[in-house]
Amino acid sequence: MESPSVKCPLTCAGGRARQPPPLPTRKQGLLFRKGRGRVTSLPFPHTHPHPPRLADSQGLCGSPSRKPPSPLLPTLMAAGQYLGAVGIHFLQMFFIHFTNTYHILIHRFIAEYQGLVKHTGGCHCGAVRFEVWASADLHIFDCNCSICKKKQNKHFIVPASRFKLLKGADSITTYTFNTHKAQHTFCKRCGVQSFYSPRSNPGGFGIAPHCLDEGTVRSVVVEEFNGSDWEKAMKEHKTIKNMSKE
């Protein structure tokens, strides 16, 4: 028994494919607008395979309608700017911290390579504490200028890069006189001068060896310096002016 034949709705008699309805002409396809862009007649049927686009709010035929911006857009943009600023700040702080750590490690490596040791010290009351990289064999200057003679200011000189104040910046006061190049710093509480900036080396520090903690000094050599005739002594001395250089 033969099965009943089923005709495809998209085919016509003879088995040929049914052709879609012809596209409208230019005159038939125009949208007739009236007033504020309202469409008054649409010659196209709703079932047309290519329905036309409706006019947008500005009355432009064929242009797609635009959705209003999301109210969250300004918030998202502000959040993005904030996160970007935070990220840049974090990278800057990380770079600064990394750079400081790198310099500290490099200086420490160079200091240990040059045979330097880390000395620690401070004032009598403990408000001022510092550390300094210097040789275990100290070369001490005993100056006889007016102020050094009165306070027995024996000291050895190091570059500023080898000195680090650990605490007590607020507990330090400074005395100057004459040329005001020498910065005689001492503790406000106990009055002890454990370090200062000498006139001979304003870019470095003069460290009092008697204010260092025990255990790191191996030997001490004392050299007298005629600070009472300071200009002549500085001119005749060959090495003291370079003590604060790397």
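Heavy-atom basis, side chains included; hydrogens, waters and symmetry copies ignored. Just so we're clear, the structure is a prediction, and the values are computed from it rather than from any experiment.
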What are the two closest non-hydrogen atoms of [X] and [Y], and how far apart are they?
X    : Y    : value
W133 : L116 : CZ3-O, 3.8 Å
T239 : H237 : OG1-CE1, 3.0 Å
C123 : C190 : CB-SG, 3.7 Å
Y196 : Q183 : CB-O, 3.2 Å
S197 : G204 : OG-O, 3.7 Å

So do [Y] and [X] actually touch side chain to side chain, heavy atoms under 4.5 Å?
X    : Y    : answer
S146 : F177 : yes
S200 : M234 : yes
N226 : E236 : no
K118 : T216 : no
V128 : S194 : yes
Y175 : Q193 : no
N201 : I240 : yes
P209 : V217 : no

Would you say [Y] ends up clustered with [X] if hydrophobic residues are merged whenever their side chains have heavy atoms under 4.5 Å apart, either directly or through other cluster members?
X    : Y    : result
I207 : L138 : yes
V220 : F205 : yes
V158 : L212 : yes

Once you round to the nearest 0.5 Å, how far does [atom1] of [X] lie from [atom2] of [Y]?
X    : Y    : atom1 : atom2 : answer
I140 : K154 : CD1   : NZ    : 10.0 Å
K181 : T176 : NZ    : OG1   : 13.0 Å
Q152 : C143 : CD    : SG    : 11.0 Å
L165 : K167 : CG    : NZ    : 10.5 Å
S244 : F163 : OG    : CZ    : 14.0 Å
E214 : H119 : CD    : NE2   : 13.5 Å

Can you confirm whether more than 12 heavy atoms, excluding those of [X], are under 6.0 Å from its [atom1] atom?
X    : atom1 : value
R129 : CZ    : yes
H124 : NE2   : no
E223 : CD    : yes
K188 : NZ    : yes

Item to check | Ionic contact status for R199 with E231, cut-off 4.0 Å | outcome: yes

Next on the checklist: Angle between ring planes, F195 versus F130, binned at 30° and 60°: parallel, tilted or perpendicular?
Outcome noted: perpendicular

Item to check | Pair N144-E224, side-chain hydrogen bond (donor to acceptor under 3.5 Å, both in side chains): steps then yes or no | outcome: CA-CA 8 Å; N144 64 351; E224 293 184 356; over 6 Å; no

Next on the checklist: A cation-pi test, strictly: NZ or CZ of K151 under 6.0 Å from the centre of the six-membered ring of F186 and no more than 45 degrees from its axis. Yes or no?
Outcome noted: no

Item to check | Side-chain (H139) to main-chain (I157) donor-acceptor, under 3.5 angstrom | outcome: no

